[in-house]
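Computed over heavy atoms, backbone and side chain alike; hydrogens, waters and symmetry mates excluded.
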Amino acid sequence: MDDAERPAVRASDADRQQVAERLRVAFDEGRLGLAEYDERVRDAYAAVTRADLVPLTADLPDSAPAPVAEPAKPPVKRPWRGMEKQWREWAQVAFLLTGIWLVISLATGGWIFFFPIFPMGIWAAVLGSQALFGGSEDSDGAEGPPRGELDR
């Protein structure tokens with residue numbers, strides 16, 4: 001005689017949870033309606049013995065066939081994708097620095113050395129290397145933790 005057939009064997013929480021999970025799968029597959037699913041789950045958690053759990057899943061198949069999964073395609077690497085914000089910021093700063101250089105050159109009466117080449121060039125090299133070689137995980141413009149969080 002099976003434990004589920006003996007009325008004296010009390011159901012454990014794990015037994016109730018297993019039946020509830022099986023009912024959830026049946027509901028997800030469309031085998032049970034919402035009202036019937038709700039009633040059966042309620043009865044499963046109210047069950048005292050294992051025999052109370054048997055009729056709740058008696059008309060359900062043992063297990064559903066596993067869905068056929070398609071092989072995962074490797075992600076297409078798009079190095080410049082997601083870096084629009086960084087390049088836009090670079091262009092804004094480059095425009096500002098070039099404007100400052102132009103104002104200084106006009107104020108002195110002659111063309112001075114184009115000093116913005118250093119910050120613009122270094123920053124562009126860093127962005128380019130991030131795009132080509134993967135860079136940091138937050139290269140898509142994601143913000144880091146708030147400033148106060150770093151000190152803790």
| Donor-acceptor contact below 3.5 Å, side chain Asp38 vs main chain Ala35 | no

| query | Do the side chains of Phe95 and Ile122 join up, straight or via other hydrophobic residues, at under 4.5 Å, putting them in one cluster? | reply | no

| field | Linked, directly or transitively: Val48 and Leu23 (ILVMFWY side chains, under 4.5 Å) | value | no

| Do Val126 and Trp90 belong together in a cluster built from hydrophobic side chains that touch within less than 4.5 Å? | no

| request: Can you measure from OG1 (Thr57) to CG (Leu32) and round to the nearest 0.5 angstrom? | output: 10.5 Å

| said: In this structure, is the centre-to-centre distance between the rings of Trp111 and Trp101 below 6.0 Å? | reply: yes

| remark: For Pro61 and Arg22, the nearest pair of non-hydrogen atoms, with its separation, is O-NH2, 3.3 Å

| task | Look at Arg16 together with Asp13 and state whether they make a salt bridge at an N to O cut-off of under 4.0 Å. | result | yes

| query | Would you say Ile112 and Val103 are hydrophobically clustered, going by side-chain heavy atoms of ILVMFWY under 4.5 Å? | reply | no

| field | Criterion side-chain contact (heavy atoms from CB on, under 4.5 Å) on Lys85 and Arg88, from CA distance to verdict | value | CA-CA 5 Å; Lys85 181 181 177 204; Arg88 191 171 28 254; 4.1 Å; yes

| Does Arg24 pair with Glu21 as a salt bridge, N-O distance under 4.0 Å? | yes

| query | Between CG of Leu97 and CZ of Phe114, what distance do you get to the nearest 0.5 Å? | reply | 8.0 Å

| task | Start with the C-alpha gap between Leu60 and Val25, add the side-chain angles, then the distance that decides, and say whether side-chain contact (heavy atoms from CB on, under 4.5 Å) holds. | result | CA-CA 10 Å; Leu60 299 175; Val25 170; over 6 Å; no

| field | Same cluster (ILVMFWY, side-chain, under 4.5 Å), Val19 and Val9 | value | no

| said: Please find the pair of heavy atoms, one from Asp52 and one from Pro55, that lie closest to each other, and give the distance. | reply: O-CD, 3.6 Å

| What are the two closest heavy atoms between Met83 and Gln130, and how far apart are they? | CE-OE1, 3.8 Å

| remark: Closest non-hydrogen atoms of Pro116 and Thr98, given as atom of the first, atom of the second and distance, are CG-N, 4.2 Å

| remark: Smallest heavy-atom separation, Trp87 atom then Leu127 atom, equals CZ2-CB, 3.4 Å

